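Values in this document were obtained by computation on a predicted structure and should not be read as measured data. In what follows, every chain begins at residue 1, and chains take the letters A, B, ... in the order their sequences are listed. Just the heavy atoms: all of them, side chains too, but no hydrogens, waters or symmetry mates, feed the values below.
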2 protein chains.
Amino acid sequence: MENKKKSTIKDIAAVLGLTPSAVSKALNDHPRISDKTKIAVKEAAIQLDYQPNYLSSALRKGKSNLVGVIIPRVNSHFFSSVVENIEKVLNLNGYNIIMTQSNELYAKECQEIDTLLKIQVDGIIASMANETTDLEYYQKIKSKGTELVLFDRGEEELNVDYVGIDDYKSSHLVIDHLVSQNCKRIAHIAGFKHIRIYKERIRGYKDALEKSGLAAPENWIIESNLRLDDGRRIMQQLLDSPERPDAVYVAGDIAALGALQVLLENNIKVPEEMALIGFSDEPFTSLTQPSISTVNQHSDQIGKLAAEAFLERINNPKKKTINRIILEPELIIRQSSNRNLK
Amino acid sequence: MENKKKSTIKDIAAVLGLTPSAVSKALNDHPRISDKTKIAVKEAAIQLDYQPNYLSSALRKGKSNLVGVIIPRVNSHFFSSVVENIEKVLNLNGYNIIMTQSNELYAKECQEIDTLLKIQVDGIIASMANETTDLEYYQKIKSKGTELVLFDRGEEELNVDYVGIDDYKSSHLVIDHLVSQNCKRIAHIAGFKHIRIYKERIRGYKDALEKSGLAAPENWIIESNLRLDDGRRIMQQLLDSPERPDAVYVAGDIAALGALQVLLENNIKVPEEMALIGFSDEPFTSLTQPSISTVNQHSDQIGKLAAEAFLERINNPKKKTINRIILEPELIIRQSSNRNLK
DNA sequence: TATATTTGTTCAATCGATTGAACAAAAATA
DNA sequence: TATTTTTGTTCAATCGATTGAACAAATATA
């Protein structure tokens, strides 16, 4: 029952009275092999349930047709959707992906990079962990000659292909909308400043407020991990502050959910007394009561474009120019910020 | 700057005036190599930033030290937590994991299995897709001599190691609790009967009701995909039925969330008019208003035990006995079913 | 001192597939 | 018929690491 004897090109060669090299060439459609032989070889391959040995061919060719994907965490709609779309595109092109998660930890991320390099993936597509400030490990990927594409969280100094949205503009969409809802005192629960995308959101927040002639006191920009608890803690802090805001723009949906919980627990009317906007369009934002306004990052597009950037690079190894693809953000207005509809 | 020349044992050998085989043995602590040589080799390895070529050693040894993990979807706390714990245990034992998702699709699952077999993983740890009824591909894993461990969703006929919870008993915990809350008409939004775990939950549901002397009309057991929409649709259907239930036991948290939405939209008091219990202890169940009672499946334990089952098997290839590890479920009582507290 | 044992290293084959060069046979051209 | 070209296949080296056998040198035993 257990048919452990995997067949090799040798077995096929033996059956047909050929040499292994002829078989290899037949399978790879080498021009010098006759059609007759090719057909016979391919038939025999099926008969013997032949599966090429990936390890040996990768070793010989120096190419694994494997791409590593590193994301901060899988349990997020945004990231899992990006991965799904990366996979879709790469599968069509003969690549398989290996998905790993850093859990937002720098140490874990380094370990994952080492593993992927060890397995000799042809490239890595990654979004950086919150903790990561030291880019040494990413430099290492490039120095090993492995392709690297970043998405969402990526730093410009690495000088590699990047796909993401216009974070600066996102903040403008958010703030302009809140202003149109007659909000006057808008606070920002932000991500860490050392990460480019969050820095951009902060910059956009400030500029958009200034443009509208509203104040943006420094203590209304609160950096955090954007976890549920951070959202809760900071919202409570804002509620307790002497001049309470009338709107809060949160740089992540999960933290926005935490913030919403605290608002509801304190019987604050949303959006009448306090408007709320999150970021990422996680599915649960449409499920809460009230539903949470948020910013759509086009995860499907990001995945597709990141995969294509990798393919382009691997197919043109000489190419020197760097692609920076910036998508338009889309504001999704739901109950938590819509004072007219409710 | 780009240091593409990866060093090999040959390079180390050249530096030290040894042969590659001596270097290989030194690195692998072969007893016949002198300590002096070992130290010298290891120093040189560090100097040259030597990284063993995984492909060649895997090819030669017939062992990749890679384990594939197949889950229905990553975007779920239960599955991502299981994977996290599998990884933790396996990393400590020198294995790396490759995580893939079937998206609940049989075709995708088959493709993932092929990929993993191609990459020549040493084993596969999997939870089966909802769609899967044909076990041929899983048989294939075994017939190739690759170790297989199943968790949560696994069928007995495959005759492989399994880790899961006692689904039959889970239903008893749920029903007994609902009965204690004075519920009399308890419906069940179930998963597909062809999957063992859901079948067991249904069986437990029926037996527990019978034990309590309550009716369980067949049309109160409604099979589904357990998606959000299924929960919504079926709950609406139950509300519209002539004899409306006063409690619903849902075999999955996401469907339970959908059900809750419909209840709230219809202004039905939960749990007073309708009690609700889900399954899996997804984090959002504690975040809804009211929070949803559910069953904890001990994802961390499942991951750990599945990884250990794999390790045990790979270390004792001759072992013939099958491990079936069944954990105790834990009922988590929250607002949606607790009529006393609220 | 002669022989046996231990120690440290090299040799050579191997894992399975790939690939350029070599070669013989068949076909085309002169 | 002699020569060139084309075609189909085999040969042999290679990717990098591993491993049992072989061998020489050093050490121990008789």
Side-chain angles (χ1 to χ4, degrees), chain A residues 4-42 44-45 48-66 94 117-122 144-146, chain B residues 4-42 44-45 48-66 94 117-122 144-146:
Chain A
K4 294 202 183 185
K5 40 182 187 242
K6 297 174 192 168
S7 51
T8 69
I9 50 170
K10 248 184 179 166
D11 300 321
I12 299 178
V15 168
L16 299 176
L18 291 171
T19 55
S21 60
V23 173
S24 170
K25 286 177 178 159
L27 289 171
N28 289 300
D29 277 324
H30 192 282
R32 283 296 205 48
I33 297 288
S34 66
D35 287 350
K36 193 173 130 248
T37 305
K38 283 180 185 169
I39 291 169
V41 166
K42 285 172 185 173
L48 294 174
D49 188 28
Y50 166 75
Q51 299 276 103
N53 184 319
Y54 151 79
L55 293 172
S56 56
S57 79
L59 174 60
R60 181 63 230 260
K61 293 207 260 194
K63 191 158 185 315
S64 64
N65 273 55
L66 245 34
L117 290 178
K118 170 182 125 181
I119 298 177
Q120 308 202 38
V121 294
D122 292 339
K144 292 270 174 189
T146 305
Chain B
K4 294 204 182 186
K5 39 178 190 242
K6 296 173 191 168
S7 51
T8 69
I9 50 170
K10 249 184 180 166
D11 301 322
I12 299 177
V15 168
L16 298 176
L18 291 172
T19 55
S21 61
V23 172
S24 169
K25 286 178 177 158
L27 289 170
N28 289 298
D29 276 324
H30 191 283
R32 282 298 206 42
I33 297 289
S34 65
D35 287 349
K36 193 174 131 247
T37 306
K38 283 180 186 170
I39 292 169
V41 166
K42 286 173 185 172
L48 295 174
D49 188 28
Y50 167 74
Q51 298 276 103
N53 184 320
Y54 151 78
L55 294 171
S56 58
S57 78
L59 173 60
R60 181 64 230 259
K61 293 208 260 193
K63 190 157 186 315
S64 63
N65 274 54
L66 245 36
L117 290 178
K118 171 182 125 182
I119 299 179
Q120 307 202 40
V121 295
D122 292 339
K144 291 272 175 188
T146 304

Using a strict 4.0 Å threshold on nitrogen-to-oxygen distance, state whether A:D49 and B:K144 make a salt bridge.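 A salt bridge links A:D49 with B:K144.
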Reckon [X] has a side-chain N or O less than 4.0 Å from the OP1 or OP2 of [N]?
X	N	answer
A:N53	C:dC15	no
A:S56	C:dA17	no
A:N28	C:dT18	yes
A:S24	C:dT18	yes

Hey, could you give me each pair passing salt bridge (charged side-chain N to carboxylate O under 4.0 Å, His left out) that has a residue in residues 26-40 of chain B? Not counting sequence neighbours.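 Pairs touching residues 26-40 of chain B that pass the test: B:D29-B:K38, B:D29-B:K42.
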Of the nucleotides D:dT18, D:dA17, D:dT19, which one has an atom closest to the side chain of B:S21?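 Of the candidates, D:dT19 comes closest.
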Roughly, in whole Å, what's the span from CG in A:L59 to C1' in C:dG16?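 Result: 9 Å.
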May I have the distance from A:L55 (atom CG) to D:dT18 (atom P), rounded to whole angstrom?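 Between P of D:dT18 and CG of A:L55: 13 Å.
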Can any side-chain N or O of A:N53 pair as donor or acceptor with the backbone N or O of A:L55 at less than 3.5 Å?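 Yes: the side chain of A:N53 pairs with the backbone of A:L55.
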What string of B, S and - do you get for nucleotides 4-9 of chain C, 5' to 3', if B is base contact, S is sugar-phosphate-only contact and - is no contact with any protein heavy atom under 4.0 Å? ---BBB
NA contact type, B:Y50, heavy-atom cut-off 4.0 Å: base, sugar-phosphate, or nothing?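 Sugar-phosphate only.
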